[in-house]
Amino acid sequence: MSKAFGLWSAVFLGIGSMVGAGIFIVIGQAGSMAGNIVWLSFIFGGIIALLSGYSLAKLAIRYQSRGGIVEYLVQGFKEGVFSGSMGVMFYLSNIIAIAAVAKSFGTYGATFFTQDKMWIDILSVGIVLVFVFINLIGASLVAKSENIIVLIKLSILVIFTTIAFFNINPSLLSLKDMPPISGMFFAIGITFFAYQGFSVITNTVEDMKNPEKTMLKAMVIAILLVAVLYVFTSLAVLGNLPLSEVIKTKDYALAEAARPIFGELGFKIMAITALIATASAINATLYAVTEIGYTMAKEGSLPKIYEYHIYNSFEGLIVSTIIIIPLILFFNLSEITTVAAIVMLIVQGVTHIGHLNVIKETKANKVIIISAIFGMFGIAAITLYSTYHSNPKIAYYLIVTFALAFFIEILLRNFNNRIIQKQKD
């Protein structure tokens, strides 16, 4: 049986996963913090992603399982309460990310009507319910159109960035108007959220041709190409919009940046692109979370053959939706994005600590793994510190999330006799 993923198909999968909703969400959020040097935040975010990608690629090569990060946690920390709790946490982090993407969909969608919170919430919840219904009936049309969607959003982003880059107002990028350098560091955690998706490459390992040679190469190429796109996109946005406008329109700044060059039509095209990107991201993530993340968290293992079927996804979809909707309704985009970014940084940081326990098996470079650990926790700490002063509730949300993951793990162990098991020896 021929393997589906070669080098470039894995690279494009990674690019498609990264250049999804993330850039549409974070460019304004990060730009409002770092100002005209936000491009540096994207460079540092890319470096952190490369370090993390190296660690995950090495783990994927050794433990070739579609269980992904949950599998690596169990391999690193054995089948205990801690690895189980982190497995549940990984599931919850993806749920929070879906809520952030849905909120972004609602925000961009509302620009066609009004920025009234009610409309944002209606559109955000509505798009989640649409894809829940599509997944329940097992429709494959959206999944089959994913490559076309990736091509559309990439093409529009590249065209916008190229034209906007040559229309930059140099004074807007002047270093004399540079905000405090601390803002650039505070924004790194948010920019890392835009790179989320590179770990999807590791889930293809079972269907990858010669993963020992292909996995790490695909990971590095995908992250580097996306980093270049993000740096030029951030320069294009901050070079065409005054910082005051970026702050004012931070939830849809990428579309707003198209207005000075392309007029109202450009704004609408970019907003539509954001809607397509966020919708496709919700669909792809919803399937992965409910089919793999939820099953691993609840059952502790994956079946030998996984089919796209209503009876597999029903329970996971319903439970996930019940968690997602309150997140959309009761939290703003900035809060959800920040919590999602910090939780993902911590989960990946813990995964890299576990990697040290099996590093003799993976034959990874210890210095790079330790750098990944410090990078993840360092940026998580900086992001938490920066947001604590403006919104101290973020810290409490994180505590509640981790406590909830531990509580769910204890319940599943005691009432279901469930243990998250190794999928590979």
Student: Do you know the tightest heavy-atom contact between Ile328 and Ala102?
Tutor: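 Taking every non-hydrogen atom into account, CD1-CB, 3.7 Å.
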
Student: Taking only residues two or more places apart in sequence, or in another chain, which ones meet Tyr195 in a ring pair (Phe, Tyr, Trp, His ring centres under 6.0 Å)?
Tutor: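 Checked Tyr195 against ring pair (Phe, Tyr, Trp, His ring centres under 6.0 Å); matches are Tyr230.
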
Student: Atom CD1 of Ile223 and atom CE of Met18: how far apart are they, to the nearest 0.5 Å?
Tutor: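 Reported value, rounded in 0.5 Å steps: 5.5 Å.
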
Student: Within the supplied structure, the quantity of interest is the number of heavy atoms (other residues, nucleotides, ligands) at a distance under 6.0 Å from Phe377 CZ; does it exceed 12?
Tutor: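 Yes.
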
Student: First locate atom CG of Asn167, then atom CZ of Phe165, and finally report the distance between them rounded to the nearest 0.5 Å.
Tutor: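 Asn167 atom CG to Phe165 atom CZ measures 11.5 Å (nearest 0.5 Å).
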
Student: Would you say Ile272 and Ile156 make side-chain contact, with heavy atoms under 4.5 Å?
Tutor: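 No. Closest side-chain heavy atoms not under 4.5 Å.
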
Student: Rounded to the nearest 0.5 Å, how far apart are CD1 of Ile201 and OG1 of Thr214?
Tutor: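 Interatomic distance, Ile201 CD1 to Thr214 OG1, rounded to 0.5 Å: 11.5 Å.
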
Student: With distance as the sole test, does Ser41 use its side chain to make a donor-acceptor pair with the main-chain N or O of Thr191 at under 3.5 Å?
Tutor: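 Pair absent, no side-chain N/O of Ser41 close to backbone of Thr191.
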
Student: Answer yes or no: does atom NZ of Lys217 have more than 12 heavy-atom neighbours from other residues, nucleotides or ligands under 6.0 Å?
Tutor: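 Not buried by this count: 12 neighbours or fewer within 6.0 Å.
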
Student: Which pairs would a plain distance check flag for residues 24-32, meaning a side-chain donor or acceptor within less than 3.5 Å of a matching protein atom at least two apart in sequence or in another chain?
Tutor:
| from | atom 1 | to | atom 2 | distance (Å) |
| --- | --- | --- | --- | --- |
| Gln29 | OE1 | Ser334 | OG | 3.4 |
| Gln29 | NE2 | Asp251 | OD1 | 2.8 |
| Ser32 | OG | Gly28 | O | 3.3 |
| Ser32 | OG | Gln29 | O | 2.7 |

Student: Should Asn240 and Asn169 be marked as a side chain to side chain contact (heavy atoms under 4.5 Å, CB included) after you check the CA-CA gap, both sets of side-chain angles, and the distance that decides it?
Tutor: CA-CA 6 Å; Asn240 281 281; Asn169 179 351; over 6 Å; no

Student: Closest approach of Pro179 and Ala34, non-hydrogen atoms and distance?
Tutor: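 Heavy-atom minimum between the residues: CG-O, 3.1 Å.
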
Student: Where is the tightest heavy-atom contact between Leu327 and Ile323, given as atom of each residue plus distance?
Tutor: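 Scanning both residues completely, I find the closest heavy atoms to be CG-O, 3.5 Å.
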
Student: Which distance, rounded to the nearest 0.5 Å, do you find between the CG of Leu225 and the CD1 of Ile15?
Tutor: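 Answer rounded to 0.5 Å: 4.5 Å.
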
Student: Could you walk me through whether Thr362 and Tyr63 satisfy the side-chain hydrogen bond (donor to acceptor under 3.5 Å, both in side chains) test, starting with their C-alpha distance in whole Å, then the side-chain angles of each, then the deciding distance to 0.1 Å, before giving a yes or no?
Tutor: CA-CA 9 Å; Thr362 63; Tyr63 306 109; over 6 Å; no

Student: Identify the two heavy atoms, one from Ile95 and one from Ser320, that lie closest to each other, and give their separation to 0.1 Å.
Tutor: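 Reported closest heavy-atom pair: CD1-CB, 3.5 Å.
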
Student: Strictly distance-based, threshold 3.5 Å: is any side-chain N or O of Gln64 a donor or acceptor partner for the main-chain N or O of Ile61?
Tutor: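 Yes, the answer is positive, given that a donor and an acceptor are paired below the 3.5 Å cut-off.
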
Student: Check Val347 against Met89 and note the closest heavy-atom contact, atom names and distance.
Tutor: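 Distance-wise, the nearest heavy atoms are CG2-CG, 3.4 Å.
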
Student: Please check: side-chain N/O of Asn36 versus main-chain N/O of Leu172, any donor-acceptor pairing under 3.5 Å?
Tutor: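 Side chain of Asn36 to backbone of Leu172: a pair is present.
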
Student: Check Gly6 against Lys209 and note the closest heavy-atom contact, atom names and distance.
Tutor: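 Where Gly6 meets Lys209 most closely, the heavy atoms are CA-CD, 4.2 Å.
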
Student: With side chains defined as the heavy atoms from C-beta onward, is the minimum distance between Ile368 and Ser55 less than 4.5 Å?
Tutor: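 Not touching, per the 4.5 Å side-chain cut-off.
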
Student: Would you say the side-chain atoms of Thr273 pair up with the backbone N or O of Ile269, donor to acceptor, closer than 3.5 Å?
Tutor: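 Here the side-chain-to-backbone pair exists.
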
Student: Could you work out, with salt bridge (Lys or Arg N to Asp or Glu O under 4.0 Å) as the rule, every residue matching Lys213, not counting sequence neighbours?
Tutor: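 In terms of salt bridge (Lys or Arg N to Asp or Glu O under 4.0 Å), with neighbours along the sequence ignored, Lys213 is linked to no residue.
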
Student: How about Ile23 and Val226: do any of their side-chain heavy atoms sit closer than 4.5 Å?
Tutor: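 Heavy-atom side-chain distance check fails, nothing below 4.5 Å.
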
Student: Looking at Pro242, is its backbone amide N or carbonyl O close enough to the side chain of Glu245 to form a donor-acceptor pair, meaning the two atoms are under 3.5 Å apart?
Tutor: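 Absent.
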
Student: Parallel, tilted or perpendicular: which one describes the rings of Tyr385 and His389, with boundaries at 30° and 60°?
Tutor: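 It falls in the perpendicular class, over 60°.
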
Student: Taking the side chain from Ser93 and the backbone from Val343, do they hold a donor-acceptor pair closer than 3.5 Å?
Tutor: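 It does not hold such a pair.
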
Student: Look at the side chain of Thr111 and the backbone N and O of Tyr108, then say whether any donor-acceptor pair between them is shorter than 3.5 Å.
Tutor: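 Pair found, side chain donor or acceptor close to backbone of Tyr108.
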
Student: In the structure I gave you, are the side-chain heavy atoms of Phe406 and Val88 within less than 4.5 Å of one another anywhere?
Tutor: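 A side-chain contact is absent here, since even the closest heavy-atom pair is not under 4.5 Å.
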
Student: If you draw a 6.0 Å radius around CZ in Phe407, do more than 12 non-hydrogen atoms from other residues or ligands fall strictly inside?
Tutor: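 Not buried by this count: 12 neighbours or fewer within 6.0 Å.
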
Student: Using 0.5 Å steps for rounding, measure from the CZ atom of Phe374 to the CD1 atom of Ile48.
Tutor: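 It is 12.0 Å, given to the nearest 0.5 Å.
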
Student: Decide yes or no for Leu56 and Gln348: does some side-chain heavy atom of the first lie under 4.5 Å from some side-chain heavy atom of the second?
Tutor: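 SC-SC contact between Leu56 and Gln348 confirmed.
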
Student: Are the side chain of Ser234 and the backbone N or O of Val231 linked by a donor-acceptor pair below 3.5 Å?
Tutor: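 Judged by distance alone, yes, a pair lies under 3.5 Å.
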
Student: When the ring planes of Phe160 and Phe262 are compared, do they come out parallel, tilted or perpendicular, using 30° and 60° as the limits?
Tutor: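 It falls in the tilted class, 30° to 60°.
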
Student: Is it true that a side-chain atom of Asn391 and a backbone atom of Thr387 form a donor plus acceptor pair closer than 3.5 Å?
Tutor: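 It does not hold such a pair.
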
Student: What verdict does the side chain to side chain contact (heavy atoms under 4.5 Å, CB included) test give for Phe12 and Leu154, after you've listed the backbone C-alpha separation in whole Å, the side-chain angles of each residue and the deciding distance to 0.1 Å?
Tutor: CA-CA 11 Å; Phe12 286 122; Leu154 272 176; 5.6 Å; no

Student: Pick one: which of Phe402, Phe331, Tyr388 meets ring pair (Phe, Tyr, Trp, His ring centres under 6.0 Å) with Tyr397?
Tutor: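 When Phe402, Phe331, Tyr388 are each tested with Tyr397, the ring pair (Phe, Tyr, Trp, His ring centres under 6.0 Å) holds only for Phe331.
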
Student: Looking at Thr202, Leu50, Val11, which one forms a side chain to side chain contact (heavy atoms under 4.5 Å, CB included) with Met219?
Tutor: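 With Met219 as partner, Thr202, Leu50, Val11 yield a single side chain to side chain contact (heavy atoms under 4.5 Å, CB included), made by Thr202.
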
Student: Rounded at 0.5 Å granularity, tell me how far CD1 in Ile342 sits from CD1 in Ile394.
Tutor: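 Atom-to-atom, Ile342:CD1 and Ile394:CD1 are 6.5 Å apart.
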
Student: Would Ile325 and Thr321 count as a side chain to side chain contact (heavy atoms under 4.5 Å, CB included) here? Give the steps.
Tutor: CA-CA 6 Å; Ile325 289 177; Thr321 305; 3.7 Å; yes

